[in-house]
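Contents: one structure, followed by commentary.
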2 protein chains.
Amino acid sequence: MTVTIYDVAREANVSMATVSRVVNGNPNVKPATRKRVKEAIEKLGYRPNAVARGLASKKTTTVGVIIPDISKGFYAELARGISDIATMYEYNIILSNSDQSEDKEIRLIETMLGKQVDGMVIMSDQISPGLREEISRSTVPVVLAGTVDETGLIPSVNIDYREAAREAVSRLLKNGHEEVALVTGPLDTTINRDHLLEGYKDALKDGGVGFDEGLVFEVEDSYDAALEAWHATDRRPTAVFAGSDELAIGVIHGVMDAGQSVPDNVEVVAFENTKLARMVRPRLTSVVLPLYDIGAVAMRLLTKYMSNEEAGDPAFILPHRMEVRESAKFDD
Amino acid sequence: MTVTIYDVAREANVSMATVSRVVNGNPNVKPATRKRVKEAIEKLGYRPNAVARGLASKKTTTVGVIIPDISKGFYAELARGISDIATMYEYNIILSNSDQSEDKEIRLIETMLGKQVDGMVIMSDQISPGLREEISRSTVPVVLAGTVDETGLIPSVNIDYREAAREAVSRLLKNGHEEVALVTGPLDTTINRDHLLEGYKDALKDGGVGFDEGLVFEVEDSYDAALEAWHATDRRPTAVFAGSDELAIGVIHGVMDAGQSVPDNVEVVAFENTKLARMVRPRLTSVVLPLYDIGAVAMRLLTKYMSNEEAGDPAFILPHRMEVRESAKFDD
DNA sequence: GTGAAAGCGCTAACAT
DNA sequence: ATGTTAGCGCTTTCAC
């Protein structure tokens with residue numbers, strides 16, 4: 001029923017070793033026999049069995065990807081970057097959602113290792129000690145994408161979130177605001193807590209403005225949560241730095257509901273720059289998070305580790321920039 | 001270096017067959033020896049090699065998923081549904097992007113079959129004859145998700161797009177509009193051409209309104225394209241049925257730019273109901289496309305085919321409904 | 001340049 | 001209840 005390398009060998013009057021050679025592009029085959037073998041392959045419709053090959057060669061040309069939730073635009077964009085580079089290097093991807101559960105993450109790593117992946121790209125809002133432990137025990141290389149490992153030991157690709165946040169808030173401060181709010185997702189994630197919040201504080205310090213805890217709005221990372229938070233508070237900051245485009249839009253609508261205008265009464269700077277940023281009025285001025293690139297670079301890095309190439313500093317930092325639109329009054 | 005079933009067998013003083021039995025939960029093992037084996041597994045840190053298992057059993061417990069573009073919300077949502085059910089049935093997923101290229105689609109199917117996937121879920125805006133041919137030659141079951149096969153031969157999961165479109169346009173018509181526009185993505189995709197457009201025409205006929213080609217705006221499926229189309233035309237329809245949330249938002253902003261209001265001057269009904277629908281003002285009234293469910297049901301169907309269960313009608317149709325918000329003046 | 005043979009780590013009869 | 005044995009389809013020395 002299934003045609004194997006033996007069948008091809010018989011058909012072409014050569015040994016299976018020779019068939020294997022032509023299938024794998026080994027140059028040590030006389031052109032004439034190569035031709036015969038190729039014809040036999042064609043004739044029989046032979047398709048190499050990657051599982052058998054994987055068992056014999058101990059390489060599967062597949063990599064595992066663990067992602068919190070592929071249905072979230074943020075991660076989907078990362079995944080696309082990973083996928084494209086994987087395809088370029090002829091790897092396939094086993095993709096699984098972890099929902100940020102440490103349990104699931106660890107179980108996924110185990111099953112992927114069982115499936116003999118050649119490497120893994122992992123995304124997580126928070127590298128728990130258990131997860132870090134599991135990763136460091138891995139028999140194959142692992143790269144983190146858009147995910148910060150506080151120890152800096154696990155290879156990772158990111159931007160300098162803290163500096164990006166500092167710059168954004170500084171520009172707001174330069175516009176003369178006395179009360180700049182931070183609207184952020186849960187502060188139990190590394191990026192929010194140690195990067196966005198700290199960058200926000202850095203900027204306040206730079207600008208000689210005192211930190212006011214009442215101006216930090218920690219909400220669920222959703223449009224509704226930001227909107228509600230704005231409705232609920234009686235603070236009236238005149239500028240906002242939001243931790244995501246969605247949060248920023250929630251704030252904008254909150255401001256509008258209060259009968260005010262963005263950017264005239266309240267300036268808003270977002271963080272992420274998804275396509276959403278252009279689909280609101282006013283359009284969002286947003287720090288650009290190069291998600292696709294982060295994924296792509298992470299995968300590229302992984303290919304280097306998988307072939308034992310030198311890969312340089314494990315903590316890879318990509319440049320960032322700001323896309324200026326109408327939700328804040330910036331000049332360039 | 002790697003510990004195999006032999007090592008465990010030796011450690012536990014049993015044969016490899018017994019180890020295999022306890023690993024696979026075969027009841028024919030005395031509790032005492034089962035315990036010994038489990039301890040040996042624990043002690044040695046044994047992890048079954050799924051590749052070897054796959055070669056021996058001819059089952060890999062992985063399914064292939066081909067998707068046009070995972071970074072698009074539409075597909076990402078489908079993928080999540082597929083993934084969750086796959087996980088539930090203990091399958092892993094090999095995920096690849098096709099960018100709708102027939103070439104890539106066919107190549108992906110080939111490499112997935114080479115990797116011995118147990119089945120495949122495929123998404124595509126258009127099942128080309130070449131793709132259909134390739135699918136029908138597949139040695140493992142294939143299910144289409146959110147994808148219409150005109151021949152109806154390939155198992156698929158969808159909603160009745162045409163009827164959903166008809167209902168939406170009919171409700172608009174009932175509000176007394178004389179000019180209802182259709183803003184749709186490219187009409188070279190099956191759903192747009194044979195379902196949305198036809199459903200739109202059905203409704204016009206039902207309502208005794210003539211079809212006016214000038215009221216069909218075929219644009220790229222993006223916010224910008226819809227916005228530009230609205231800016232460019234001098235037609236002033238008072239109601240619009242849009243083929244996606246993004247298109248609907250483009251239309252809404254186009255209407256606003258023209259100094260008019262939604263829904264007072266123009267009523268808009270969208271199709272998709274992503275979370276975007278609630279993030280615009282006015283919020284979108286939208287036909288609900290149960291993307292997650294479509295993916296989930298497709299994967300569930302695939303598990304049936306993979307285990308040779310009876311699966312019923314191959315063309316599975318899920319119910320649809322409309323979510324009424326403010327972009328159209330509907331009562332319920 | 002080509003062939004023979006020994007695995008890769010497991011499952012699945014078949015014995016016992 | 002447990003052990004023996006023959007593959008699964010390929011890669012990879014090692015000979016010739």
Side-chain angles (χ1 to χ4, degrees), chain A residues 1-38 40-41 44-62 110-118 139-140, chain B residues 1-38 40-41 44-62 90 110-111 113-118 139-140:
Chain A
M1 155 79 252
T2 53
V3 11
T4 76
I5 204 169
Y6 278 104
D7 303 319
V8 177
R10 194 177 323 115
E11 177 77 23
N13 266 307
V14 295
S15 72
M16 57 175 303
T18 298
V19 178
S20 176
R21 288 193 185 95
V22 351
V23 167
N24 293 293
N26 184 318
N28 287 349
V29 181
K30 203 160 36 176
T33 78
R34 176 184 305 279
K35 182 157 172 292
R36 276 217 320 290
V37 171
K38 286 202 164 166
I41 288 177
L44 302 181
Y46 168 71
R47 178 197 296 133
N49 180 325
V51 172
R53 182 183 293 197
L55 182 58
S57 70
K58 296 177 169 302
K59 287 197 169 325
T60 55
T61 64
T62 105
E110 284 297 328
T111 92
M112 285 179 175
L113 290 176
K115 295 225 168 174
Q116 313 300 119
V117 294
D118 295 337
T139 45
V140 298
Chain B
M1 167 66 257
T2 53
V3 10
T4 76
I5 205 170
Y6 280 103
D7 302 319
V8 177
R10 194 178 322 117
E11 177 76 23
N13 265 307
V14 294
S15 73
M16 56 173 307
T18 300
V19 177
S20 176
R21 288 194 185 92
V22 350
V23 166
N24 294 293
N26 184 318
N28 287 349
V29 181
K30 198 157 44 174
T33 77
R34 177 185 306 279
K35 182 158 171 293
R36 274 215 324 288
V37 170
K38 286 203 164 166
I41 287 176
L44 301 181
Y46 168 71
R47 177 195 298 132
N49 180 326
V51 172
R53 182 183 295 198
L55 182 58
S57 70
K58 297 178 169 300
K59 283 189 170 331
T60 55
T61 65
T62 104
E90 308 202 87
E110 284 296 328
T111 91
L113 290 176
K115 295 225 167 175
Q116 313 300 118
V117 295
D118 295 337
T139 45
V140 298

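Chain letters run A, B, ... following the sequence lines, proteins first and then strands; every chain starts at 1.
- Direction change of the helix axis from one end of the helix from dG1(C)-dC16(D) to dT16(C)-dA1(D) to the other is 30°, with five pairs defining each end axis (rounded to 10°).
- Closest to the A52(B) side chain, of the nucleotides dC10(D), dA4(C), dC10(C), is dC10(C).
- As a whole-Å value, the separation of L55(A) CG from dG7(D) C1' is 12 Å.
- Contact annotation: N24(B) side-chain N/O to dT11(C) OP1/OP2 distance is under 4.0 Å.
- Closest to the side chain of Y46(B), out of dT2(D), dC10(C), dG9(C), is dC10(C).
- At distances below 3.5 Å, at least one donor-acceptor pair connects side-chain atoms of D7(A) with backbone N or O atoms of T4(A).
- Rounded to a whole Å, the OH atom of Y6(B) is 8 Å from the C1' atom of dC10(C).
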- Task: Just do the side chain to side chain contact (heavy atoms under 4.5 Å, CB included) check on T61(B) and E90(B) with the steps written out, would you?
- Result: CA-CA 7 Å; T61(B) 65; E90(B) 308 202 87; over 6 Å; no

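- Listed pair T18(B) / dG3(D) meets the phosphate criterion, a side-chain N or O lying under 4.0 Å from OP1 or OP2.
- Comparing A56(B) and R21(B), the nucleotide of DNA chain D nearest to each residue sits closer to the 5' end for R21(B).
- Phosphate contact (OP1/OP2 of dG3(D), side-chain N/O of S15(B), threshold under 4.0 Å): present.
- Listed nucleotides dT11(D), dT11(C), dC10(C) differ in distance to P48(B); the shortest reach to its side chain belongs to dC10(C).
- Among the nucleotides dA4(C), dC10(D), dG9(C), the one closest to any side-chain atom of T2(B) is dG9(C).
- The distance between atom CZ of R36(A) and atom C1' of dT2(C), rounded to the nearest whole Å, is 11 Å.
- For N26(A) (side chain) and V22(A) (main-chain N/O), no donor-acceptor pair under 3.5 Å exists by modelled atom type.
- The shortest side-chain heavy-atom distance between R47(B) and L113(A) falls under the 4.5 Å cut-off.
- Mapped onto DNA chain C by nearest heavy atom, V3(B) and T33(A) fall at different nucleotides, with T33(A) at the one closer to the 5' end.
- Qualifying salt bridge (charged side-chain N to carboxylate O under 4.0 Å, His left out) partners for K35(B), counting only residues two or more places apart in sequence or in other chains: E39(B).
- Judged by closest nucleotide on DNA chain D, V29(B) is the one of I5(A) and V29(B) placed further toward the 5' end.
- A donor-acceptor pair is defined here as one N or O able to donate and one able to accept, closer than 3.5 Å; no such pair exists between the side chain of T60(B) and the backbone of G54(B).
- Residue whose closest nucleotide on DNA chain C sits further toward the 5' end, between N13(A) and S20(B): N13(A).
- One cannot find a donor-acceptor pair under 3.5 Å joining the base of dG1(C) and the side-chain atoms of R34(A).
- Between the side chain of R47(B) and the base of dG9(C) there is no donor-acceptor pair of N/O atoms closer than 3.5 Å.
- Comparing dC10(D), dA1(D), dC10(C) by their closest approach to the side chain of M16(A) singles out dC10(D).
- Judged by distance alone, with hydrogens and angles left aside, the side-chain atoms of S57(A) form a donor-acceptor pair with the main-chain N or O of R53(A) at under 3.5 Å.
- Between Q116(A) atom CD and dT11(D) atom C1' the separation is 16 Å, expressed in whole Å.
- In the set dC14(C), dC10(D), dT12(D), dC10(D) carries the atom at the smallest distance from any side-chain atom of R53(A).
- Between V140(B) and D118(B), every side-chain heavy-atom pair lies at or beyond the 4.5 Å cut-off.
- We find that CG of N26(A) is positioned 9 Å from P of dG1(C), with the value rounded to whole Å.
- Using a 4.0 Å heavy-atom criterion, one finds that N49(A) contacts the sugar-phosphate atoms exclusively.
- To the nearest angstrom, C1' of dC14(D) lies 14 Å from CG of N28(A).
- Side chain of K58(A), nearest nucleotide from dG9(C), dC10(D), dG3(C): dG9(C).
- Taking atom NZ on K59(A) and atom C1' on dT12(D), their separation rounds to 14 Å, with Å as the unit.
- Two residues are said to be in side-chain contact when any heavy atoms from C-beta on lie closer than 4.5 Å; V23(B) and I41(B) meet this criterion.
- Here V14(A) lies in heavy-atom contact (under 4.0 Å) with sugar-phosphate atoms only.
- Atom CG of L44(B) and atom C1' of dG9(C) are 15 Å apart (whole Å).
- OP1 or OP2 of dG9(C) has not a single side-chain nitrogen or oxygen of T4(B) nearer than 4.0 Å.
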